[in-house]
Amino acid sequence: MKKITKRSCYQFLSLLIFCLAIVTVLNQKISLGYALIIIGYYLLRKSDLVD
């Protein structure tokens, strides 16, 4: 079984947040959607820095 690393955990979490952001923007909650996109981008960049 594959071991879950911090990097893959950050990537999976950012993917979930990006999906939630798309649904939020489609439901006309633009400011919350953009905030979720920023959080998702931050987690994706953080996953690049983790060993």
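Hydrogens, waters and symmetry mates are skipped; everything else that's a heavy atom, side chains included, is used.
- Expressed to the nearest 0.5 Å, how far CD1 of Ile17 lies from CD1 of Ile22 amounts to 12.5 Å.
- Summarising the geometry, atom CZ belonging to Arg45 is positioned 9.0 Å from atom OG belonging to Ser14; distances are rounded to the nearest 0.5 Å.
- Distance OG1/Thr5 to CD/Gln11: 7.5 Å, rounded to 0.5 Å.
- Note: the hydrophobic cluster containing Leu20 also contains Leu43 (ILVMFWY, side chain heavy atoms under 4.5 Å, direct or indirect links).
- How far NZ of Lys46 is from NZ of Lys6: 7.5 Å, rounded to the nearest 0.5 Å.
- Annotation for Ile37 and Phe18: closest pair O-CE2, 3.7 Å, computed over non-hydrogen atoms.
- Using a 4.5 Å cut-off between side-chain heavy atoms of Ile, Leu, Val, Met, Phe, Trp and Tyr, with links allowed through other members, Ile39 and Tyr42 fall into the same hydrophobic cluster.
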Donor-acceptor pairs are to be reported for all side-chain atoms of residues 28-36 against protein atoms at under 3.5 Å, with residues two or more places apart or in another chain.
none

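- Scanning both residues, Tyr10 and Ser47, for their nearest heavy atoms gives CB-CB, 3.5 Å.
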